[in-house]
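Take a look at the structure below.
Proteins come first, then strands; the chains are lettered A, B, ... in the order of their sequence lines, and each starts at number 1.
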Amino acid sequence: MTECDLTSADSIIEFAKKLKYQTLRQACGEEIEKHGYRGKGNFGQILEKFYFGYEPNSESEPDFKEAGIELKSSPLKILKNGEFRSKERLVLNIINYLEVHKEDFETSSFWKKNAHLLLVFYLHESDQDLLDYIIKLVDHWHYPKEDLKIIKQDWEYINQKIKDGKAHELSEGDTFYLGACTKGSTALKSFRNQPFNEKQAKQRAYSLKQGYVNHIIANIAQEETAVYGKIIERPEILDKVLSIEEVVILKFHPFYGKSAEQIEQELGLNINQKTKSYFANLTNAILGLELGQRIEEFEKADIQVKTIRLKENSLPKEDISFPTFEYQKLIETDWEDSDFKNLLESKFFFVFYQFEGDNLILRKVRFWNMPHSDILEAKKVWKKMVKTVLNGEIVKAITDNGVRKTYFPKKTENRISHVRPHARNAADTFDLPIADKLTGLTKYTKHCFWLNASYVKNEIYLQ
DNA sequence: GCATGATCATGC
DNA sequence: GCATGATCATGC
């Protein structure tokens with residue numbers, strides 16, 4: 001018996017908040033036993049069935065139909081400083097390619113279902129039964145109006161791509177807060193027909209980006225420690241023809257062709273050129289932020305900001321590095337769930353400076369995400385890397401001066417990406433799941449995937 | 001001059 | 001102690 005009026009939003013929210021600091025076992029243990037629970041189902045299903053006492057609804061209506069509330073549960077991780085972060089993106093309803101192209105945002109299946117969310121965040125512990133996860137945060141969520149404008153633009157971008165017969169080329173990096181993420185990852189059956197192209201498209205769902213969920217969490221937990229600044233102070237600007245991309249690019253335009261030093265002067269800044277965050281500070285200042293503020297819109301959209309210094313021939317001075325990978329994790333994770341794919345599917349913001357002698361001149365900025373066909377090409381690098389580790393064939397040879405030649409994917413083998421060391425020194429290692437056949441090594445220098453400088457020049461800077 | 005492997009510097 | 005951006009060394 002629920003002590004909750006399932007037709008009243010207030011009643012539902014109030015009842016849900018009683019879950020705080022409890023586990024599912026504590027909150028609905030008896031109910032679960034009565035129904036002969038066998039460990040099947042996910043956190044959300046158990047919550048619906050055994051706490052709220054209803055069977056999951058049809059796909060097109062919100063879970064609590066009369067109250068217009070959609071229930072979502074999602075895992076948290078905890079940082080060293082004790083703050084909560086979302087463990088992943090928040091997956092919403094599946095995109096029905098055959099229907100959505102007929103919809104408008106305001107009457108869309110997405111908006112009907114997800115306008116008002118009830119969120120239950122629990123602390124995920126990999127060694128625990130999900131019945132024992134502790135629920136940390138519970139609250140409902142209405143999108144602030146400035147967020148909603150961006151979400152609507154995102155929704156429309158996704159819809160346009162479907163109308164253009166490009167559902168199979170959708171990518172999370174296409175959009176800002178609302179993404180189109182893959183769902184039903186591994187199975188071949190997760191392919192769907194699309195209305196304007198014979199090619200089948202991977203099944204995808206609307207999702208809130210991990211960064212956006214982090215902001216929801218910070219809001220609910222009311223423990224915002226960082227100082228944020230907004231690029232778009234008056235959301236009305238997005239009612240004009242302007243997208244957030246256009247707003248940002250317009251802010252940079254006046255500084256094209258100027259040196260970093262000139263820009264500093266014109267903005268009346270006094271920042272230390274030696275500091276590591278020099279270019280980040282410059283970028284923030286151009287966007288109108290105070291020193292030390294973090295860019296709210298970029299964080300919500302999981303945008304990777306990369307400042308590139310081009311040589312006089314327009315080739316980036318360096319390849320672009322990504323975080324190091326653990327060999328063990330690499331081989332036990334599918335491509336669909338891999339960190340590398342996740343990275344390549346995110347949105348990037350490139351700021352290009354070019355050397356003129358010792359001066360760095362701002363050339364241009366660009367929002368970018370990797371085209372679908374290139375992601376498939378970069379996947380080959382990942383695949384080869386996995387195979388190399390699985391085979392235990394790491395070191396090809398050792399030169400006279402002790403330098404190791406490896407079997408890792410090289411820059412010359414792939415247009416887009418390669419693998420190179422990224423470590424403190426040779427002793428800075430991760431474990432190898434399979435010992436190297438030649439040397440017997442069971443640990444190896446930390447490596448990461450890199451974007452080739454030539455790719456950045458040809459496919460991002462010159463485009 | 002570039003590809004590849006190795007390492008450094010800084011900031012949290 | 002570690003992540004990240006940056007740079008160095010060697011050999012072809």
| note | Output for pair (A:Leu71 CG, A:Leu118 CG), nearest 0.5 Å, gives 5.0 Å

| task | Using heavy atoms to find the nearest nucleotide of DNA chain B for A:Ser277 and A:Lys411 separately, return the residue whose nucleotide is more 5′. | result | A:Lys411

| message | Go through it in stages, so that I can follow the logic: the residues are A:Trp382 and A:Phe340, the test is ring-ring contact (aromatic ring centres under 6.0 Å, His included), and I'd like the CA-CA distance, side-chain angles, deciding distance and then a yes or no. | response | CA-CA 8 Å; A:Trp382 177 87; A:Phe340 189 44; 8.2 Å; no

| query | Does the A:Lys364 side chain pair with the main chain of A:Tyr461, one donor and one acceptor, at a distance under 3.5 Å? | reply | yes

| Verdict with reasoning, A:His215 to A:Tyr212, per ring-ring contact (aromatic ring centres under 6.0 Å, His included) | CA-CA 5 Å; A:His215 275 260; A:Tyr212 191 82; 7.6 Å; no

| said: Over the length of the helix from B:dG1-C:dC12 to B:dC12-C:dG1, how much do the five-pair end axes diverge, rounded to 10 degrees? | reply: 30°

| task | Let me have a per-nucleotide readout for nucleotides 2-12 of chain C, 5' to 3', with B, S or -, counting only protein heavy atoms under 4.0 Å. | result | -SBBBB--SS-

| task | Answer with base, sugar-phosphate or nothing: what part of the nucleic acid does A:Thr406 contact at a heavy-atom distance below 4.0 Å? | result | sugar-phosphate

| Does the ring center of A:Phe322 lie less than 6.0 Å from the ring center of A:Trp450? | no

| said: I need the CG-C1' distance between A:Asn452 and B:dG1, as an integer number of Å. | reply: 16 Å

| message | Please evaluate residues A:Phe325 and A:Phe449 with respect to the criterion ring-ring contact (aromatic ring centres under 6.0 Å, His included), reporting the C-alpha separation (whole Å), side-chain torsions for both, the decisive distance (0.1 Å), and the verdict. | response | CA-CA 8 Å; A:Phe325 48 71; A:Phe449 293 101; 5.0 Å; yes

| Where each residue is assigned the nucleotide of DNA chain B containing its nearest heavy atom, which of A:Asn425 and A:Glu413 is assigned the position nearer the 5′ end? | A:Glu413

| query | Which of residues 338-366 of chain A have a heavy atom under 4.0 Å from DNA chain B? | reply | none

| said: Consider salt bridge (charged side-chain N to carboxylate O under 4.0 Å, His left out). Of A:Lys209, A:Arg89, A:Arg204, which one does A:Glu345 pass it with? | reply: A:Arg204

| Donor-acceptor contact below 3.5 Å, side chain A:Asp436 vs main chain A:Val395 | yes

| task | With A:Lys306 as the cation and A:Phe348 as the aromatic partner, state whether NZ or CZ is under 6.0 Å from the six-membered ring centre and within 45° of the axis. | result | no

| message | Is it the case that the side chain of A:Asn391 and the backbone of A:Glu393 share a donor-acceptor pair, with hydrogens and angles ignored and the cut-off at 3.5 Å? | response | no

